[in-house]
Amino acid sequence: MTDRRTVLGSGLDDGQANDRESTADDAADPQNRLATLRAELDRIDAGLRDALRDRLRVCEEVGRLKRDHDIPVMQPARVDQVTRGAREYAERHDVDPDYFDAVYRSIIAETCRVEDLLVGADDSGRPGTTDRAHDEARR
């Protein structure tokens with residue numbers, strides 16, 4: 001049996017979910033409803049892209065701060081805090097926590113890559129190489 005959260009876990013309360021259910025109008029013109037839903041997804045995707053870009057910009061500042069003050073890039077406690085928060089959010093909103101965990105681990109991996117580049121950059125801001133960057137280059 002499929003886990004309800006992976007199919008229905010929109011995070012919407014019942015009133016909001018009912019607004020999205022099919023209506024008689026949908027049956028008459030499902031292509032129109034599909035176009036409306038796709039437009040809504042496009043709007044949400046644009047917001048996600050903006051949020052990810054903004055997050056990376058803040059991570060660049062974090063990377064510079066770590067570089068300038070000799071703070072290690074990898075902060076396991078922070079990674080655990082962020083992934084735990086994502087899982088807890090998913091659980092509270094009836095969304096698959098494994099999905100949120102996977103999404104956040106991907107976001108964190110890119111964050112670490114960006115921070116590695118910045119920490120390894122010389123004073124001119126040109127990327128240098130860190131041990132992790134060397135490891136990646138050898139693969």
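What's counted below: heavy atoms across the whole structure, side chains too, no hydrogens, waters or symmetry copies.
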Minimum-distance pair of heavy atoms, taken over all atoms of Ala86 and Phe100: O-CD2, 3.5 Å

Ion pair Arg105/Asp101, N-O distance below 4.0 Å: yes

Atom OH of Tyr104 with >12 non-hydrogen neighbours under 6.0 angstrom: no

Side chain His69, main chain Leu65, donor-acceptor under 3.5 Å: no

CD on Glu115 to OG1 on Thr111, rounded to 0.5 Å: 6.5 Å

Nearest heavy atoms of Arg49 and Asp42, plus distance in Å: NH2-O, 4.5 Å

Chi angles and distances behind the salt bridge (charged side-chain N to carboxylate O under 4.0 Å, His left out) call for Arg113, Glu110: CA-CA 5 Å; Arg113 186 190 73 78; Glu110 177 61 8; 2.7 Å; yes

Heavy-atom pair with the smallest gap, counting every atom of Val119 and Arg67: O-CG, 3.6 Å

Main-chain N/O of Val79 paired with Thr83 side-chain donor or acceptor, under 3.5 Å: yes

Test item: Gln31 and Asp29 side chains (from C-beta on) under 4.5 Å apart, heavy atoms: yes

Interatomic spacing from SG in Cys112 to CD1 in Ile107 - rounded to 0.5 Å: 12.0 Å

Short side-chain donor-acceptor distance under 3.5 Å, Arg84 and Gln81: no

Check: Lys66 side chain, Val73 main-chain N or O, donor-acceptor pair, under 3.5 Å: yes

Separation of Ile44 CD1 from Leu48 CG (nearest 0.5 Å): 7.5 Å

Closest approach of Pro97 to Arg87 (non-hydrogen atoms, all atoms of both residues): O-NH1, 3.3 Å

Linked, directly or transitively: Val62 and Ile71 (ILVMFWY side chains, under 4.5 Å): no

Residues Glu60, Arg57: salt bridge by 4.0 Å N-O rule: no

Interatomic distance, Asp80 atom CG to Gln75 atom CD [nearest 0.5 angstrom]: 11.5 Å

Salt bridge flag under 4.0 Å for residues Asp50 and Arg53: yes

